[in-house]
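Written out below as structure tokens is the structure these notes cover.
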Amino acid sequence: MPYYRLKDLIKAIRACKTAADERAVIQKESAAIRTSFKEENNDARHSNVAKLLYIHMLGYPAHFGQIECLKLVASNRFADKRLGYLGIMLLLDENQEVLTLVTNSLKNDMNHSNMYIVGLALCTLGNISSPEMARDLCAEVEKLLGSSNVYIRKKAALCAMRIIRKVPELQENFLSKAKSLLSDRNHGVLLTATTLITEMCHRNPDTLVTFRKAVPLLVRHLKSLVSAGFSPEHDVTGVTDPFLQVKILRLMRILGKGDAEASEAMNDILAQVATNTESSKNVGNSILYETVLTIMEIQSESGLRVLAINILGKFLTNRDNNIRYVALTTLNKTVSIDTNAVQRHRNIILDCLRDGDISIRRRALELSFALINETNVRVLTRELLAFLEVADNEFKQGMTTKICLAADRFAPNKRWHIDTVLRVLKLAGNYVREEILSNFIRLIAQTKDLNAYTVQKLYAALKADISQESLTLASVWVIGEYGDILIKGGSFEEEELVKEVTEPDVVDLFESILAGPYANQVTREYVLTALMKLTSRFTSTPVIQRIQAILERYNTSIEVEIQQRAIEYTNLFKFDNIRPAVLERIPIPESKEETSRPTDDFSSGGGGGGSLLDLDGDSIATDVKKVNASENSQNTVDILATIFGSGPSDTTDNLTPSRSNPKDDIMSLFNTGPTTTTSPNLIENTPSANPLDDLITTSLPSTNENLLGLSSIKQIAPSQNTQTVNPLDSLMDLGSTKLSTAISPPTETNAPAYNKNGFKIGLSPFKDQNNPNILNINVTFHNVGVGSDVQNLLFQAAVPKTQRLQMQPPSSTTIAPGAIVTQTIRVANPQRVNVRLKLRIVYDTSAGGKVDDIAEFSGFPQDFW
Amino acid sequence: MLRFFLFINKQGQTRFSRYYNVQLQPEERVLMEADISRKCLKRGDSQCSIFEFREYKLAFRRYASLFFVIGFDEEENHLAILELVHAYVEILNAYFDNVCELDIMFNIEKVHVILEEMVLNGRIVETNKNNVLAPVLEMDKTSK
């Protein structure tokens, strides 16, 4: 037997102790209701549908009641109608076809004399009408919008809103009515009218123009709300109708956005609302919040903006979490527009980092990152590092990346930068991304003077904790590179105590890492490589033998990468005479910006802390950080491979595409397009007979590196995919001062290109014998009247996009007075247009002067081609 | 615009629910309600009562044993929504005379009707106590 009344059903459900019980009761009742419906029992229908709605709310299927609801709607009793419409609203949605059956009832009811029934119909239509229904009943709604009854008007307004959303074309019908609604006295109507207009403006920007004229009207309304005396009707704890105020403010926001005139009209009232509203209660705060949002979006004057940010600042000090949450969210949005004003509240924001509520912490974190700039970077990073210690794991990765990026951008000095990144690694090493790690290593390599300090610190950190993977990787790499500095430095600070570090200590540490539980394959690879490097840095033989023993242990490792490294390194021990050279320091990787100037490292030429392979380092200017990561771990292996002539290695494929970048930056100096790959003929791929001789014996003058950087170094021949570039090829080329045999001796005249300050440059072109598209130019530098030696000569050239350039080294970079120096450059000109050159000449005079000049030259004879 | 109204008690049972323009199957709906109630129950009194949940924002207030949760999307003012909750509860209070959870449980249709007077299709119609209650009382009289 079904329960007769809803109350009894509810009681029964409450009495159930378990979910299964409840399900049973409900299923029984559902079945009873279904039978009852089939019996067409009119009296019971009402209570049945009520029960059904309750069951539906609990989440059980109730679709079989839909038709019953329709029948209820058709009845004459008000209670039935009401329940029927409610049922329809709950059980149906616009996608169901059954809905169209309701259309007729709706139409009749909307013309009913009883306003409540009209209200019901409007309510239903407003909630779930489908586009077809909207179209059908649009006319009715329009009529009701003009009704004299307030109750009907306000519902009709929202109904109209739904219609507009479903059928945008009908918007025009409501336009004029909506405007007139704005002058209504009743707050309810005003509220709904504002909502309707807001929706219209959202949908259709054209209506914005029409409604902008209504701005003064809105301002007047708002004014009366704010300054009106006590009006008990709409009062909410002292504030008159806050909902209406908020809605009007929002409409003003949309109308004022992008329009100076409208914004101007609003300025006063906004200021008034902002200052007069009481902020002790949530009500006032909600209005202030809306005002702040509006001020931020329209074109308000700066005084108003400052006021808004101050309000947000006051919110931040409020004890109520909700308000702080809201303030932080808004500040996040505005910080990009107006950073300075937000800086003032920095301390409060930092306090929020420690709040108990996680939503507030998260927002404060985002905000802090946005606030970092040069002046406050130290303070903020200190706070952020303190927070990193206690942060939840989900924050950690984002935080490490952002802290390191901020440190990168705003570091006051290198030492601080290194310290900060080191601390990050120590605190959250496991959550650090690869790129950050490689950036760090690059940074270390670049700050040579701090190498000793860095390696000591890293050693101390590693000794204390080998569990953080990134820290281990970074430390191992650095110790491997600069192990000799570590030993030479002798001591390091470990918890305020200065301890000696000896070679066996270092090897012990590495062994413990290898044996430890935290080492994965990457770590082991790094350690092996570092150990190998140490064999050439350390001097004590027993230690070196120990290292050899360790390496030999891994000769049979299952992991192929490890085994390969171990075997190769072990083999390297047989080549004792070249081992030190092989294990020289890795070239300093370039940072992104540093491409147009020679760095100090190059002055050391070959050997030692600078690097023989610096030349490659220069041209491997990468803005591809991933390349660096692979470079670091595999660089020695690759160089090894290429030195032994094992041919192209895979990683060079990565390296080469980026080589055009240094030239790009320099070319931008000359405002010409970058020169790219040389034509196939220019590439010499075979290394000379004894590659290492060239490596070791050639000491190239520093300025050549710049030429390398400038001119297009060997790139992958476009047509020859199988040949990859050998990084040492360029080396070979420069190492051998012999010119390409294809160049014929100069026969043409020497065209003057530059003649200033007693320094003359002449260009004599002659065609290449083998390839008519190539032009060889012999450049002569003549120190005619400088008065003293010309030193550190640097000659750079650029060609238009359609041509390509290659430069050979000059015969000398110092020109005594009256002497002549020559240099050959080759231009590939496949399109056979006139060759134009932009030249840059830099030199020092021994008298102390420095000359840096730019010149253009296109004076080759036209009939040359 | 508002997306849903939800009244949940401390045991996680839904006492009242009303959705606007939300397309969800009944099973999904039940799951979502359970999720929401878990999140609200976890919050202490001193913590924030506004948070983000899937694609909605939620604002809730606890009155005695019931959590009144309103889900809305971007445009609405968070603090104003909290005010709306309070206004609604006050109106219920006036209608039922010291409303309690049982009142809401046993008079669901009335609660629906009152809500309909206040909110239409996710937008606020009327917030004034008298204006909302007058038609409701009138309708009660005619339906007797």
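Side-chain atoms are counted along with the backbone in the values below, which use heavy atoms only and exclude waters and symmetry mates. Residue numbers start from 1 in every chain, and the chains themselves are labelled A, B, ... in the order their sequence lines are given, proteins ahead of strands.
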Chain B contact via [X] - side chain, backbone, both or neither, heavy atoms under 4.5 Å:
X        : value
A:Met115 : neither
A:Lys281 : neither
A:Arg324 : neither
A:His202 : side chain
A:Tyr54  : side chain
A:Lys81  : neither
A:Asp241 : side chain
A:Arg82  : side chain
A:Leu90  : side chain

Atom group of [X] that falls short of 4.5 Å from chain A, counting heavy atoms:
X        : value
B:Leu102 : side chain
B:Ile50  : both
B:Arg29  : side chain
B:Val125 : both
B:Phe106 : both
B:Gln25  : neither

Quick check: under 4.5 Å, non-hydrogen atoms only, which of residues 55-64 of chain B neighbour chain A?
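Within residues 55-64 of chain B, the residues under 4.5 Å from chain A are B:Arg61.
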Applying a heavy-atom distance below 4.5 Å, give me the residues of residues 5-17 of chain B that approach chain A, sorted by number.
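Interface residues of residues 5-17 of chain B: B:Thr14, B:Arg15, B:Phe16, B:Ser17.
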Any idea how A:Tyr325 and B:His78 line up, ring-wise: parallel (<30°), tilted (30 to 60°), or perpendicular (>60°)?
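Geometry flag for B:His78 against A:Tyr325: perpendicular rings.
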With rounding to the nearest 0.5 Å, note down the distance linking [atom1] in [X] to [atom2] in [Y].
X        : Y        : atom1 : atom2 : answer
B:Thr127 : A:Leu244 : OG1   : CG    : 8.0 Å
A:Cys159 : B:Arg123 : SG    : CZ    : 13.5 Å
A:Leu53  : B:Ile108 : CG    : CD1   : 8.5 Å
B:Met139 : A:Phe78  : CE    : CZ    : 5.0 Å
A:Leu158 : B:Glu126 : CG    : CD    : 11.0 Å

I'd like to verify something: which residue of [options] has the highest number of heavy-atom pairs under 4.5 Å with chain B?
options                               : answer
A:Lys11, A:Lys247, A:Arg14            : A:Arg14
A:Val326, A:Asn114, A:Val283, A:Leu83 : A:Val283
A:Ala50, A:Cys123, A:Pro61            : A:Cys123

Donor-acceptor pair, distance only, cut-off 3.5 Å: does the side chain of B:Asn128 make one with the backbone of A:Gly188?
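Answer holds: no.
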For the pair A:Asn322 (side chain) and B:Cys48 (backbone), establish whether a donor and an acceptor sit closer than 3.5 Å, ignoring hydrogens and angles.
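Here the side-chain-to-backbone pair does not exist.
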Stepwise, does the side chain to side chain contact (heavy atoms under 4.5 Å, CB included) test hold for A:Asn127 with B:Arg18?
CA-CA 11 Å; A:Asn127 272 322; B:Arg18 184 68 200 260; 3.2 Å; yes
Are B:Glu52 and A:Arg363 ion-paired here, with the side-chain N under 4.0 Å from a carboxylate O?
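So B:Glu52 pairs with A:Arg363 through a salt bridge.
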Less than 4.5 Å apart, any side-chain heavy atom of [X] and any of [Y]?
X        : Y        : answer
A:Lys154 : B:Leu120 : no
B:His112 : A:Met89  : no
A:Leu86  : B:Val113 : no
A:Ile13  : B:Met105 : no
B:Leu82  : A:Asn282 : yes
A:Glu199 : B:Met1   : no

Minimum-distance pair of heavy atoms, taken over all atoms of [X] and [Y]:
X        : Y        : result
A:Arg250 : B:Asn77  : NH2-N, 3.4 Å
A:Gly59  : B:Pro26  : O-CB, 3.9 Å
B:Ala80  : A:Ser286 : N-CB, 3.6 Å
A:Tyr116 : B:Pro135 : CE2-CB, 3.2 Å

Counting heavy-atom pairs under 4.5 Å with chain A, which one of B:Glu116, B:Glu109, B:Glu90 comes out on top?
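The candidate making the most pairs under 4.5 Å is B:Glu116.
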Taking CZ in A:Arg319 as the centre, count heavy atoms belonging to other residues, nucleotides or ligands within less than 6.0 Å. Is the count above 12?
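Not more than 12 within 6.0 Å, no.
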Check step by step if side-chain hydrogen bond (donor to acceptor under 3.5 Å, both in side chains) holds for A:Tyr151 and B:Glu117.
CA-CA 10 Å; A:Tyr151 181 79; B:Glu117 286 297 314; 2.7 Å; yes
Begin from the C-alpha positions of A:Arg162 and B:Asn21 and carry the test side-chain hydrogen bond (donor to acceptor under 3.5 Å, both in side chains) through to its verdict.
CA-CA 11 Å; A:Arg162 169 112 190 173; B:Asn21 291 332; 2.8 Å; yes
